[in-house]
Amino acid sequence: MNFDLTPEQDQLRAAVRALGRKYGHDYFVAKAKAGEHTTELWAEAGRLGYLGVNIPTEYGGGGGGITELAIVCEELAAAGCPLLLLVVSPAIAATVIVRHGTEEQRKRFLPGFADGSLKVVFAITEPEAGSNFHRLGTVARRDGDDWLLSGRKCYISGVDEAQYVLVVARTEDASTGKLKPVLFVVPTDAPGLTRSKLDMEIVSPENQFLLYLDDVRLPADALVGESLDAGLPALFAGLNPERITVAAMGAGTGRYAIERASEYTATRKVWGGRTIGSHQGVSHPLAHAAVQVELARLMILKAASLYDAGRDLEAGVSGNMAKYAAGEAAALAVDTAVQVLGGAGMTTEYGVATLLGAVRAGRIAPVSREMILNFVAQHVLNQDKSY
């Protein structure tokens with residue numbers, strides 16, 4: 001058992017860390033509060049090859065896996081720049097195309113993923129069904145050689161930045177008459193596709209939207225894969241990388257908060273000339289948070305390694321556990337950092353309270369902590385399904 005990264009992975013971590021610190025949390029917050037996007041950071045990360053580390057080399061990528069992409073997500077977050085679009089575009093959408101797209105779709109889309117010139121967001125969640133694909137109301141029906149797509153989606157990240165949205169819908173299986181999941185690559189400027197921005201209490205340069213699909217007409221090659229049978233495996237191909245990279249982003253955010261707080265408590269003096277960090281009431285909560293973040297990082301590494309080894313079932317368990325652990329650890333780390341900084345913790349200047357909304361959302365999305373506990377109870381502890 002080896003917990004060391006390869007030399008190439010170590011080099012990637014160091015390089016991404018340097019890039020993240022070049023921009024930093026002040027840049028991230030300024031962009032968010034101005035209603036702008038982190039265009040410069042994204043473009044530079046693309047030029048340097050960090051956005052395509054998980055893309056096969058024959059399509060312009062780095063030839064790595066989700067382990068490498070998780071490193072990118074974690075290190076940018078640890079520099080105060082947690083980019084949600086890393087999850088939805090290279091982790092989910094690109095993985096789906098790599099594993100289940102047609103060769104024409106790979107040639108068409110993957111080079112853009114690899115250099116960052118293409119952003120594809122992901123739409124599964126619906127107002128009534130949540131992310132339960134068995135109850136999705138978005139339906140695709142054939143119209144000659146085309147498809148017509150109708151339905152609603154909610155909490156869809158980054159639609160205003162993306163050229164395409166990967167939409168999860170259902171269509172009728174001719175052999176059974178039952179509805180089955182299918183995925184479509186839909187241009188964000190397609191006629192019949194409209195959006196409405198959701199106002200969120202989260203400091204983020206990436207916006208959330210409601211999507212409305214009103215008989216959006218799509219050509220046959222918008223369907224991901226060679227046939228309707230590709231839909232279900234394609235869907236699951238994107239969900240494990242989603243869990244793992246969201247977890248990595250959470251772990252990086254936790255590291256960032258602990259680092260900022262530790263720098264402060266190691267120098268701040270109030271009573272008797274001693275640093276406040278010398279008091280266990282301050283240092284122990286920070287140490288506890290650091291332990292939780294490090295435990296989450298270990299599970300992320302395990303989940304990513306299993307996924308890259310093609311052990312999807314085991315990666316599903318570990319990926320859900322990693323997402324749970326990192327979500328809890330990040331929320332604890334940011335809250336603890338705010339507490340030990342006192343009033344300074346609530347200022348924009350010290351750069352930790354600006355993450356409170358994001359880490360709280362990380363305990364809900366993309367899958368809630370309660371649904372993960374249901375999953376573990378059912379699939380690990382062999383308990384009856386409770387929902």
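Atom set for the values below is all heavy atoms of this structure, side chains included, hydrogens, waters and symmetry mates excluded.
- For the residue pair Y212/R152, the side-chain donor-acceptor check at 3.5 Å is not satisfied.
- Salt bridge status for E104 with K107: absent, with no side-chain N to carboxylate O gap under 4.0 Å.
- Each ring-ring contact (aromatic ring centres under 6.0 Å, His included) pair with one or both residues in residues 42-94, not counting sequence neighbours, would appear here, but there are none.
- Electrostatic pairing of R47 and D115 does not count as a salt bridge here, judged by no charged N lying under 4.0 Å from a carboxylate O.
- Between E314 and K302 there is no salt bridge, since none of the side-chain N atoms of the basic residue sits less than 4.0 Å from a carboxylate O of the acidic one.
- Side-chain contact check for R369 versus I364: every heavy-atom pair is 4.5 Å or farther apart.
- Using a 4.0 Å cut-off between charged side-chain N and carboxylate O, K31 and E206 make no salt bridge.
- Between H25 and Y256, the ring planes lie tilted relative to each other; the angle falls in the 30° to 60° range.
- Side chains of K323 and V367 form a contact here, defined as non-hydrogen atoms less than 4.5 Å apart.
- Across A32 and S204, no two heavy atoms sit closer than the pair CB-C, 3.4 Å.
- Listed by first and then second residue, the side chain to side chain donor-acceptor pair (under 3.5 Å) pairs that reach into residues 222-239 are K180-D229, sequence neighbours excluded.
- Under the 4.5 angstrom side-chain criterion for Ile, Leu, Val, Met, Phe, Trp and Tyr, the cluster partners of L295 are V291.
- A cation-pi arrangement is found for R195 relative to F209, the charged atom lying closer than 6.0 Å to the ring centre and inside a 45° cone about the ring normal.
- Taking CG of L332 as the start and CZ of R363 as the end, the distance is 9.5 Å to the nearest 0.5 Å.
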